[in-house]
Amino acid sequence: MPTEPLPRPACPPDGAVTQRGLALQIEGLRLCGEGGRQLLQIPRLQIAAGAAVVLRGPSGAGKSTLLHVLAGLITPQAGRVLWGGTDIAALRDGPRAAFRRATIGLVFQDPLLFEELSAQDNAALTALYAPAAARAEIAARAEAALARLGLSPAGRRAAASYSGGERQRIAVARALAGDPAVLLADEPTASLDRANADRLSADLIALARQRGQTLIVASHDPALMALAGRVIDLRDGEIAEAQHG
Ligand SMILES: Nc1ncnc2c1ncn2[C@@H]1O[C@H](COP(=O)(O)OP(=O)(O)OP(=O)(O)O)[C@@H](O)[C@H]1O
């Protein structure tokens, strides 16, 4: 009988990043809109798990459309959109929605809040669709995210009473409350003043890094680009250049 103790995995040091993000792989993506107009043509794109990426491009380049495809909200005519091995473009409606709920946090340019509900209830909104056992955890994560984003203990006021910057932070807290592997954000700082945009950019990148989430943000914001590990240029629905930071 061996007497040596079995080797045990080391605990990660305090504050270590947990890698829970998913890698993205796009192959042969083609999306056409009304009238057969080409909206996206991306033969190949890879984004590493846990990467923080800014999607940049002029108005109409296809940034929002690509985010919608990545979230499984638009299905392309051709190609594969693999999140860690799951092709979201090939899933049927039900499984696709379930995959999105379990895996992807979305932040839109418009925070899309329920004005009568408190910041906390807005941030914990996904608890409504979650199994009963997960609801308390989502509410706790929503509260923690609001606090981390500087909105605690004021999270009990109705959403309508918050400023533009605060509303956008509530939307980020809502996306984080589900502890998604992937965070997709569409121009989250576009309607904010410089100070609020800088603060939200720093928080978004720091929180995603801390949680090991894969973050893809469509943005023109230089603060976000400076903080992200990679900037991808999109032009007329095609990737023009990918720059690694
Ligand atoms: N279903 C559709 N049919 C036809 N054209 C569409 C469809 N959906 C989007 N478009 C067009 O595709 C182009 C890309 O739109 P998209 O919103 O993705 O651009 P964007 O890069 O996010 O721009 P912005 O920075 O202004 O938000 C636009 O010209 C838009 O009008």
Side-chain angles (χ1 to χ4, degrees), residues 24-47 51-83 87-93 96-97 100 104-113 164-165 167-172 174-175 180 182-194 196-198 200-201 204-205 208 214-243 245:
L24 170 70
Q25 187 165 337
I26 291 180
E27 295 167 359
L29 171 64
R30 265 198 84 220
L31 176 74
C32 297
E34 284 148 36
R37 181 184 160 200
Q38 177 187 295
L39 301 180
L40 291 173
Q41 171 124 35
I42 302 177
R44 194 167 172 75
L45 175 67
Q46 277 183 302
I47 291 177
V53 174
V54 168
L55 203 55
R56 162 175 79 177
S59 180
K63 303 181 294 297
S64 300
T65 307
L66 178 55
L67 288 180
H68 280 74
V69 169
L70 299 185
L73 293 166
I74 297 176
T75 304
Q77 279 86 3
R80 305 196 327 142
V81 178
L82 295 145
W83 282 115
D87 182 0
I88 198 168
L91 295 177
R92 289 166 181 267
D93 289 354
R96 195 169 62 235
R100 185 188 314 119
I104 299 175
L106 291 165
V107 182
F108 297 99
Q109 189 170 347
D110 182 335
L112 302 168
L113 303 179
R167 293 165 67 80
Q168 198 51 277
R169 295 209 289 278
I170 296 168
V172 171
R174 181 180 53 203
V182 174
L183 207 52
L184 303 176
D186 196 354
E187 306 268 11
T189 63
S191 62
L192 306 183
D193 60 36
R194 194 62 263 157
N196 271 304
D198 286 351
L200 187 66
S201 299
L204 196 58
I205 300 262
T214 308
L215 171 68
I216 305 180
V217 193
S219 182
H220 301 101
D221 194 322
L224 267 169
M225 286 179 216
L227 292 167
R230 185 176 173 191
V231 177
I232 294 175
D233 277 318
L234 199 64
R235 221 163 271 266
D236 296 328
E238 297 184 25
I239 287 171
E241 170 199 342
Q243 166 197 324

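All residue numbers refer to positions in the sequence shown, counting from 1. First listed ligand is number 1; within each ligand, the first listed atom is number 1.
A donor-acceptor contact shorter than 3.5 Å is absent between the side chain of K63 and the backbone of E187. Side chain of Q168 to main chain of Q109: a donor-acceptor pair is present (N/O by atom type, distance under 3.5 Å, no hydrogens or angles).
For ligand 1, the 4.0 Å heavy-atom shell takes in G33, E34, R37, L39, P58, S59, G60, A61, G62, K63, S64, T65, E187, H220, ordered by chain and residue number.
With a 4.5 Å cut-off on side-chain heavy atoms, Q25 and I47 do not count as touching. No side-chain heavy atom of V54 sits less than 4.5 Å from a side-chain heavy atom of I232. When side chains are defined from C-beta on, R169 counts as touching N196, because their heavy atoms get closer than 4.5 Å.
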* **Residues R96, D87; criterion salt bridge (charged side-chain N to carboxylate O under 4.0 Å, His left out); working and verdict** => CA-CA 9 Å; R96 195 169 62 235; D87 182 0; over 6 Å; no
